[in-house]
Amino acid sequence: MEPGTGAGLNTAVERYYDITLDLYEDLWGEHVHHGFWDPGEIPGVNGADRHAATDRLVRELVAFTGVPPRSAVLDVGCGIGGPALHLAGAMGCTVEGVTLSARQAARAGEKAQAAGLAGRARFHQLDALATGFPDASFDVVWALESLMHLSDRPAFFAEALRLLRPGGVLAVATWAVRDGELAADERDLVRQILQHQVMPHFSSLEEHERLARAAGFADVATVDWSKAVANSWDPSFAQIARYDKGRAEMRRLARERGVDVLGFFHAGPLMTKGFETGVITYGALRAVKPGPAAGASPAADADTLVRPVAELLRQVTGEDAAWLEAVTPASRLDGDLLVESQELAAWSAALRARYGERVDLAGHVAELGIDAVIELTVGDVAALVAARRDRTDDPEGDGGAASAEHG
Ligand code: SAH
């Protein structure tokens, strides 16, 4: 019954989230993770309800790790996209979400579409350790309650470092285990949780800190949120009882979907015991990829790019200096600036010539739905340049922009 490692583990995780998708969504909504409460708050009584608490956990992780607005984010283990849509919506980030479950990826895509965010949030069925994204593709690697499912944790930290650009941030929140040796009964509790939740083993928050440093991260910090999240397994929060309609119903579900669906029902009491005894812990980690950009956040970088990016657009549209003065990060290409498609193509060519081949605005726009195209702003284009450029800005050089000048 041990989920094992490698391909066998991935198949088991994929299956688990495929067959529990509707159960989790029905009970917990779009957030497949713990909630966050202040001391003394009791879910459903005097404290934040389940949905507010899960939203809060996302905001706490953003705040602790310092995710900058408008970042390019890789969401490792995206579930059905609840956290990703917060990052893409309220924070204006561009998110690539990966999950092992094809059904989760499809559901997350539907939700992004429904929220009008399909242009900023895309979801893929991919193994987080083999995504194929190029080096330095992201400002942020975000892993909310997925690290426990990965057996090769050193490889996770190495891959996150590879995918981040210098100055980029790693943001992790994860189930964990108390540091040090466990007694026999504690090991037995841990073994049952792992088995039911399709996780290979737990590691401690201290271990994650060591792994991040060993991989080459700087500014590594962790925080223990065990007390803040433990309420999540309170029956009124977990709501699993609503499904626990007796043996016959459990048998029916297990017959229909396979016995591993039952792991979902077993988690509540086991996790409650885990938190009560202090064997199970929960915490967040932040770490920064060292490099020349240290100090300058990706968002600040994007801000400084708004002007030169708009200037390139002015060149291809033939507008004057007064027009340029009126352009702000919030100016919409479609509604405010009325950029024509051939101008967009010329602008895209100019951006690539100046900032490198990966700044493919035309390709980016081609992947967006109509709603996202309508919403696209000059600030979004600057953020795209900030996330993908491999050349620093060179406003004095011709940078190839002249070739796009036709107005
Ligand atoms: N972060 C989401 C979902 C957490 S559930 C949320 O907070 O709502 C755990 C997620 O991790 C699932 O989507 C699962 O498919 C994903 N996962 C586990 N192992 C993975 C791997 N090796 N590669 C990609 N995703 C993985």
Side-chain angles (χ1 to χ4, degrees), residues 30-31 55 58-59 61-62 65 67-99 104-126 131 133-134 136-144 163-165 168-169 171 297-303 305-306 309 328-337 339 344 347-348 351 355 358-389:
E30 72 275 26
H31 292 287
D55 276 351
V58 173
R59 292 197 310 273
L61 186 58
V62 166
T65 57
V67 172
R70 298 201 300 279
S71 301
V73 180
L74 174 67
D75 183 354
V76 169
C78 57
I80 58 170
L85 295 185
H86 172 81
L87 297 172
M91 296 187 60
C93 296
T94 306
V95 185
E96 303 288 347
V98 300
T99 165
Q104 280 190 332
R107 185 77 187 110
E110 284 170 16
K111 285 183 164 291
Q113 193 78 45
L117 291 170
R120 290 188 197 283
R122 283 181 293 267
F123 301 94
H124 319 270
Q125 183 194 22
L126 280 175
T131 57
F133 289 112
S137 297
F138 297 98
D139 304 315
V140 174
V141 171
W142 167 276
L144 175 47
L163 288 169
L164 284 169
R165 62 190 217 121
V169 176
S297 74
D301 190 17
D303 286 343
L305 282 162
V306 165
V309 159
T328 73
S331 300
R332 294 181 189 194
L333 308 187
D334 192 55
D336 302 323
L337 303 178
V339 175
L344 186 86
W347 191 24
S348 180
L351 290 167
Y355 297 108
R358 289 177 49 231
V359 182
D360 181 10
L361 176 63
H364 179 66
V365 170
E367 287 180 4
L368 301 181
I370 181 64
D371 294 333
V373 171
I374 291 168
E375 294 294 321
L376 202 68
T377 66
V378 174
D380 292 333
V381 177
L384 181 83
V385 174
R388 301 208 188 152
R389 69 173 169 169

S.K.: Provide the closest heavy-atom pair for Phe123 versus Cys78 in the form atom of the first, atom of the second, distance.
M.R.: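 Scanning both residues, the minimum pair turns out to be CD2-SG, 3.7 Å.
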
S.K.: Specify the closest pair of heavy atoms between Ala72 and Ser137, including all atoms of both residues, with the distance to one decimal.
M.R.: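 Reported closest heavy-atom pair: CB-O, 4.2 Å.
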
S.K.: How many angstroms lie between CG in Leu163 and CZ in Phe138, if you round to the nearest 0.5 Å?
M.R.: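 Here the rounded value is 6.0 Å.
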
S.K.: For residues Arg389 and Leu305, determine if any side-chain heavy atom of one lies less than 4.5 Å from a side-chain heavy atom of the other.
M.R.: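 Heavy-atom side-chain distance check passes, below 4.5 Å.
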
S.K.: Is it true that a side-chain atom of Trp142 and a backbone atom of Gly97 form a donor plus acceptor pair closer than 3.5 Å?
M.R.: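 No; judged by distance alone, with no hydrogens or angles, the pair does not exist.
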
S.K.: If you define the side chain from C-beta out and look only at heavy atoms, does anything of Leu337 sit under 4.5 Å from Val378?
M.R.: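 SC-SC contact between Leu337 and Val378 confirmed.
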
S.K.: Supply the atom-to-atom distance Thr94 OG1 to Leu117 CG, rounded to the nearest 0.5 angstrom.
M.R.: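 If we round to the nearest 0.5 Å, Thr94:OG1 and Leu117:CG are 10.5 Å apart.
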
S.K.: Check for a donor-acceptor pair, side chain of Arg107 on one end and backbone N or O of Ile80 on the other, with a separation under 3.5 Å.
M.R.: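 No, because the side chain of Arg107 does not come within donor-acceptor range (under 3.5 Å) of the backbone of Ile80.
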
S.K.: Which heavy atom in Ala171 sits nearest to a heavy atom in Val67, and how many Å separate them?
M.R.: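 For Ala171 and Val67, the tightest heavy-atom pair comes out as CB-CG2, 4.5 Å.
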
S.K.: Taking atom NE2 of His364 and atom CG of Leu376, what is their separation to the nearest 0.5 Å?
M.R.: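 One finds 5.5 Å between NE2 of His364 and CG of Leu376.
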
S.K.: Measure the NE2-CG distance between His124 and Asp75 for me, rounded to the nearest 0.5 Å.
M.R.: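 The CG atom of Asp75 is 10.5 Å from NE2 of His124, to the nearest 0.5 Å.
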
S.K.: Is it the case that the side chain of Arg165 and the backbone of Ala386 share a donor-acceptor pair, with hydrogens and angles ignored and the cut-off at 3.5 Å?
M.R.: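 Checked: pair present.
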
S.K.: Indicate yes or no for a side-chain donor-acceptor contact from Thr99 to the backbone of Ala105 under 3.5 Å, with no hydrogens or angles considered.
M.R.: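 The answer is no, because no donor-acceptor pair under 3.5 Å joins these two groups.
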
S.K.: Report the C-alpha distance between Arg120 and Glu375 in whole Å, list the side-chain angles of each, state the deciding distance to 0.1 Å, and finish with yes or no for salt bridge (Lys or Arg N to Asp or Glu O under 4.0 Å).
M.R.: CA-CA 10 Å; Arg120 290 188 197 283; Glu375 294 294 321; over 6 Å; no

S.K.: Tell me every residue that passes side chain to side chain donor-acceptor pair (under 3.5 Å) with Asp360, counting only those two or more places apart in sequence or in another chain.
M.R.: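 For Asp360 there are no side chain to side chain donor-acceptor pair (under 3.5 Å) partners, ignoring immediate neighbours.
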
S.K.: For the residue pair Val381 and Leu333, establish whether any side-chain heavy-atom pair is separated by less than 4.5 Å.
M.R.: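 Yes - at least one pair of side-chain heavy atoms lies under 4.5 Å apart.
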
S.K.: Give me the atom names and distance for the closest heavy-atom approach of Ala383 to Arg70.
M.R.: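 For Ala383 and Arg70, the tightest heavy-atom pair comes out as CB-O, 3.8 Å.
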
S.K.: Would you say the side-chain atoms of Ser348 pair up with the backbone N or O of Ala362, donor to acceptor, closer than 3.5 Å?
M.R.: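 Yes, because the side chain of Ser348 sits within donor-acceptor range (under 3.5 Å) of the backbone of Ala362.
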
S.K.: At what distance, to the nearest 0.5 angstrom, does CE of Met91 lie from CG of Leu85?
M.R.: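 That separation rounds to 13.5 Å.
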
S.K.: Ignoring hydrogens, what is the shortest heavy-atom contact between Gly379 and Val306? Give both atom names and the distance.
M.R.: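 Closest approach of Gly379 to Val306, heavy atoms only: CA-CG2, 4.4 Å.
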
S.K.: Measure the spacing between NE2 of His31 and CG of Asp55 and express it to the nearest 0.5 Å.
M.R.: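 Between His31 NE2 and Asp55 CG, I get 4.0 Å after rounding to 0.5 Å.
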
S.K.: Heavy atoms only: give me the nearest Val169-Leu164 pair and the separation to one decimal.
M.R.: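 It is O-CD2, 3.6 Å.
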
S.K.: Is it true that a side-chain atom of Ser71 and a backbone atom of Val73 form a donor plus acceptor pair closer than 3.5 Å?
M.R.: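 A pair under 3.5 Å: no.
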
